[in-house]
Amino acid sequence: MEKRTVYMDHAATTPVHPKSLEAMLPYFSEKYGNPSSIYGVARESRKALDDAREAVAGILGAKTTEIIFTSGGSEGDNAALKGTAFASKSKGNHIITSSIEHHAVLHTCHFLEKFGFEVTYLPVDNYGIVDPDELARAITDKTILVSIMMANNEVGTVQPIAEIGKLLKGKNITFHTDAVQAAGALPLDVNDLGVNLLTLSAHKFYGPKGVGILYLKRATPFLAQQQGGGQERNRRAGTENVPGIVGMTTALKLAVENLESNNRHNTQLRERLVKGVLGSVSKVRYNGHQTKRLPNNVNLSFEYVEGESILLNLDMMGVAASSGSACTSASLEPSHVLMAMGIPVEIAHGSLRLTLGASNTEEDVDYVVSLLPGIVERLRAMSPLAAQAAQ
Amino acid sequence: MYSELVMDHFSNPRNVGTIADADGVGTVGNPVCGDLMKIFIKVKDEHIEDIKFQTFGCGAAIATSSMVTEMVKGKTLEEAEAVSNKAVAEALGGLPPQKMHCSNLAADGVHEAIKDYRSKVAGKVE
Ligand SMILES: Cc1ncc(COP(=O)(O)O)c(C=O)c1O
Ligand SMILES: [Zn+2]
C-alpha cells in the first residue's frame, strides 16, 4: 500500500485556515499600530480589535464588554478559576470541578488548594459524563465556583452544561466551562448554557496558536490575574495580539458558519473509522459515549499493547495521532480521564486517540484502518500480556 | 525524540520470543506503570547461549529489551551481570530523560533471569 501523510490529531491543534491567515497578515507589518495609541496606524488596529470583539460577542450571545482576549485556553482557564476564587474568598472557599478536566483546570485547582480553597473533583460514569444530581449534592454554603468542561479533549464526551447551568441558576455560584474542544462542534451561546465564564482557544478551531477568548459575564466576581496597562478593561493587561485576534475571529466565524457541514463530515468519517477498526482488530474498546461525543473524536484501547508503540508505528507510516499512555506523558501516569472512567490501568496504557478534521478523507480513514491490524498484531506478538492471556 | 538506533531496535527488534525450556526467566516492571519485560535465557558453561524477550511497553522499553539481548548474548554470566541499564541506554545513543526510569529496565531483566538460573542450579541435588 502507498504511504500517505495523515493528520488525525485535531484535538491537539489544527492548521490555520487560509482565510484566517489572510485576515491576519496585514496586521503584522502594515497595520502594526498599538491599539492604545491615537494616530492613524493605531486607529486601524483599534478598529480591527473592536470589530473582532463585536463579532465574537455576537457569536457567543454576549456583550462586547464581556469578551476578554487572552493568550489561549490555559490562560483562560487559569484566569477564570483564580480570578473567581480570589474575588469570592470572603464568600466561601469551595470549588467543584470534575476529575476529567484538562490540566489547565486541574492543576489550577491544585494551586488554589495551596491557598486555602477546597476542591471537590466529581467522578464520572464509564462514558466520562458528570452527573448533575451528584454535582447538586456536592454544593455547600461555601461553594463559590463550579468548573465543568463542555467537551473532553481525550474521549470527546460532551457534558450536560446547560442542565448544570439551570440547576445553578439563582444560587450565587459562578459557573465556568472550558469550551476549548467544543468550539466548531457545539453551539456556544452563553445564555443557553447558563455560564458566567467560558474559555476558548483559537488553535483548536483552525485559528492561530497563542490566542484565545475568555467570556466573563457582567457582575461576575473577578480579580484580574495580570497587572499592567489597562487593556481589556483592566481585566487582562498587555498590548493586544491584534493579528492573532483578527485571525482567531475569522476562524471562529467560519467554524460557526460551517458547524453543521463540518460535523456531518467528521461524524461520517468517525463512524467509518470506528466500524473499520472494531471490525478488523480483536480485543479493542471504543472509549467514551457512542453519541454524546464530539463528532471528530475516536478513542480506542487495544488490549496487551502500549499506546506509544502504536503511535510510533503509525508515525513511521505517516499517520499523526496521540495516546493516553503513561509513556507518552511526562508524568509517567496513564490518562487521568481514562482512569476516572474506570478503565483498567493496563488497558488505559493501550489507548489511541484519533481526532478527525477538515482535511481528512475517506481514503485517510481507510488507510488508518488498513494499518492498525498489522501494527497491533506485531506488538501483541511480542507482548508478555498477550502470551499470558492466551494461556 | 528517539535516536535512529532506538527506532531501528524498535522497528526490527532482535531476539523476540520465548524459550520453552529456558534455564532462567526474569520479569521486571509491571503493566500498571506501562512497561513489562520478560527475559528468557539458555545457559551453557556459564555463558548465555541463547536469549529471548517479550515486552509490553513503549518504544524505549522495546528498544532497550532488544539491545540488551544483543549485548549479553554469548557473554559469561558475570559479564552479563555487569551490564547496567545505563549502559544499555548509552549503547542506544541515549534515551529521552523521562524514559530513563520505568522504560529502561531491560538489564535488570537479564539480571533477574540470571538470578533465577542460579537459584535453580543451587536447588539441584548434584
Ligand atoms: C480542554 C482543553 N482545555 C485547555 C487547553 C489548553 O489550551 P491552550 O493550548 O490554548 O493553552 C486545551 C488544549 O490542549 C484543551 O484541550
Ligand atoms: Zn515506557
Side-chain angles (χ1 to χ4, degrees), chain A residues 3 283 301-336 338-339 342-352 371 374-391, chain B residues 1-20 22 25-40 51-67 69 95-106 109 112-113:
Chain A
K3 190 173 159 180
K283 304 257 183 193
S301 284
F302 299 89
E303 290 187 37
Y304 320 130
V305 296
E306 192 275 331
E308 188 199 272
S309 294
I310 303 174
L311 293 187
L312 291 171
N313 275 293
L314 284 174
D315 180 39
M316 288 190 270
M317 297 306 289
V319 179
S322 90
S323 166
S325 134
C327 287
T328 57
S329 76
S331 68
L332 299 178
E333 269 159 36
S335 150
H336 65 282
L338 298 177
M339 300 302 287
I343 292 170
V345 61
E346 65 273 19
I347 291 167
H349 283 300
S351 81
L352 173 69
L371 293 176
I375 291 174
V376 172
E377 192 186 332
R378 196 177 81 83
L379 291 171
R380 280 181 181 162
M382 63 172 108
S383 167
L385 296 177
Q388 239 170 48
Q391 275 170 15
Chain B
M1 183 174 105
Y2 288 132
S3 70
E4 252 173 63
L5 193 54
V6 171
M7 286 309 293
D8 178 46
H9 276 268
F10 171 74
S11 3
N12 307 295
R14 334 298 196 239
N15 304 308
V16 176
T18 58
I19 299 174
V25 181
T27 305
V28 285
N30 71 63
V32 174
C33 73
D35 294 301
L36 178 72
M37 305 169 188
K38 210 164 169 184
I39 307 270
F40 303 81
I51 180 162
K52 297 268 189 233
F53 80 90
Q54 282 190 322
T55 290
F56 161 85
C58 60
I62 290 170
T64 51
S65 306
S66 166
M67 178 52 101
T69 61
L95 286 174
Q98 76 272 21
K99 298 288 182 184
M100 289 302 285
H101 303 290
C102 343
S103 314
N104 183 23
L105 297 171
E112 286 300 314

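Below, read A as the first sequence line, B as the second, and so on, with proteins coming before strands; counting in each chain starts at 1.
- The structure places CG of A:L385 at 9.0 Å from CD of B:Q54, a figure rounded to the nearest 0.5 Å.
- Rounded to the nearest 0.5 angstrom, B:L36 CG and A:H349 NE2 are separated by 10.5 Å.
- Within the 4.5 angstrom heavy-atom criterion, no atom of B:P97 approaches chain A.
- In this structure, no portion of B:N30 lies under 4.5 Å from any heavy atom of chain A.
- Counting heavy-atom pairs closer than 4.5 Å to chain B, the top residue among A:I310, A:V305, A:N313, A:L312 is A:L312.
- Here the closest non-hydrogen pair linking A:E306 and B:G34 is CG-O, 3.6 Å.
- With a 4.5 angstrom heavy-atom cutoff, B:F10 touches chain A via backbone and side-chain atoms both.
- Put simply, the side chain of B:K99 reaches to within 4.5 Å of the side chain of A:E308, judged on heavy atoms.
- Within the structure, side chain to side chain donor-acceptor pair (under 3.5 Å) contacts touching residues 379-391 of chain A (residues at least two apart or in different chains) are A:S282-A:R380.
- Proximity of A:P384 to B:F53: side-chain heavy atoms (C-beta onward) are nowhere separated by under 4.5 Å.
- Separating the OG atom in B:S11 from the CZ atom in A:R378 is a distance of 6.5 Å, to the nearest 0.5 Å.
- If you take CG on A:D315 and CE on B:M7, they are separated by 7.0 Å, rounding to the nearest 0.5 Å.
- With a threshold of 4.5 angstrom between heavy atoms, B:M37 does not approach chain A through any atom at all.
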Give the table of side-chain donor-acceptor pairs shorter than 3.5 Å for residues 55-62 of chain B, with sequence neighbours excluded, one pair per line with atom names and distance.
from  : atom 1 : to    : atom 2 : distance (Å)
B:T55 : OG1    : B:S65 : OG     : 2.8

